[in-house]
Amino acid sequence: MRIAIFTEVTEPYVSGISSYVDVLKKGLESEGHKVLIVTSSLHTEQAVVKRGIIRCPARKSINKYGYECKDINDKHVYNFLLKFRPDVIHIQTDTKIGYMGLTMADRLRCPVVFTVHDYFLDRFAASKSFIIWKIKTFFERRHFCDMIDNAQVITSSNKRASLFIRAAGRKRKVLLVPMATDQKRFDYKKSGPQAIRKMRARFGIPENAVVAVFAGDLSVEKNLEFVLTAFAKHTRGRDNIHFLIVGGGTEASYLKTHCAKLHVTDRVHFTGAVAHSIMPNIFSASDIYVCSSDDGLMSMSFVEAMACGLPVLVKEDQEKYVYNMVRDGVNGFIYNDEETFVKYIKTVSLFNDEKKARMKKIVRNSQKNTTAEYMARCMVKAYQQAVNAFDAENEL
């Protein structure tokens, strides 16, 4: 098949969606499919195509990415797509690039698959004004519904996406497609002791400390305030446990201020946005991964951390895809309150080198089937369903 993937951001922009698209593209191409990515860029004045990626001119925006494409009817993009002749258009976002995907699908007469990655009501949860929040979420709901209403098939890695769709006033079936990572890239065996020491030194973490790590967008729905409060309340300096927070976002400033109030700034380290290429070394330099979100849908960093052999802490929630990947006490731990959250971090802090090595191997092996190729095969089934639905609609 020939698939055009529309995403507002790609690597080197660090986000779960950009990582997801990168892995999906690799998986599809390894299965023999042709992939063209359409994305936006602040560094071009005209749409250009290079190495299977079309980059469209973008402008600054207040959306979650900080920018969006300028022209959803870009004639250059249309000509590139006309030459590519996609069998299906796969949209990853309801921002302007998502609308470009719908526009191009209409002009090219091809089906649409829309993947739900996040909850539209959470995107402006940090707004101090309730009125502004209501206005912004009104438009977010409308954008979200436009994608849902015009897609032949909707996919997600989490069945909770169905709840989000109902919250938007729609009734649509969601096809579950597991997410995966590049296991060759994320492998703790490739990060030697020197690389680990260097990474810890870079962020001011003692060489002998136990490190809990979170990586992702620092936004309200990630529930990091809970994590920091629990960390401050139930650990002390003598425990030699440090918390590494990787990424940037709307809550970064607030979380740093919160750490100061909790008097844990010496044990909590904020990296800011980092290149995705160094994430394997960051995970390999850590001891346990923290999944703190109450209702987030996807967590590519979660899957990447497990590929690097990190046991994971995940809040009890049977709706989560990530929850279903965890066997409590085997490749991770399931918590439901502050006390159990910190208890499991302390449990890992007591592991000797032999037990750490054994745990890494177990966690890594539990991810054997979470490959890019497997995700791609599952997604191709969604594409075929979209093609069949589109053909049936146009026979009427």
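Within the 3.5 Å criterion, the main-chain N or O of Arg327 finds a donor-acceptor partner in the side chain of Asn331.
Taking CD1 of Ile72 as the reference point, atom SG of Cys56 lies at 11.5 Å (rounded to 0.5 Å).
A parallel orientation is assigned to the rings of His242 and His269, their planes being inclined by less than 30° (bins at 30° and 60°). Under the 30°/60° scheme for interplanar angles, the aromatic rings of Tyr289 and Phe214 are found to lie parallel. Aromatic ring orientation, Phe243 versus Phe231: tilted (interplanar angle from 30° to 60°).
Atom NZ of Lys184 has 12 or fewer neighbouring heavy atoms from other residues, nucleotides or ligands inside a 6.0 Å radius. Tyr374 OH: 12 or fewer foreign heavy atoms inside a 6.0 Å radius.
Looking at Arg200 and Asp287, a side-chain N of the basic residue comes within less than 4.0 Å of a carboxylate O on the acidic one, giving a salt bridge. Checked for salt-bridge contact, Glu373 and Arg377 miss the test: no charged N lies under 4.0 Å from a carboxylate O. The existence of a salt bridge linking Lys233 and Glu338 is confirmed by a sub-4.0 Å separation between a basic side-chain nitrogen and an acidic carboxylate oxygen. Under 4.0 Å is where a charged nitrogen must lie from a carboxylate oxygen, and between Glu354 and Arg358 at least one such pair does.
Counting heavy atoms from C-beta outward, Thr235 and Arg267 have side chains that approach closer than 4.5 Å.
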I would like to know whether Tyr383 and His33 meet ring-ring contact (aromatic ring centres under 6.0 Å, His included); could you show each step before the answer? CA-CA 12 Å; Tyr383 296 154; His33 303 284; 7.9 Å; no

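Every pair passing side-chain hydrogen bond (donor to acceptor under 3.5 Å, both in side chains) that includes a residue from residues 164-181 is listed here, sequence neighbours excluded: Asp149-Arg170.
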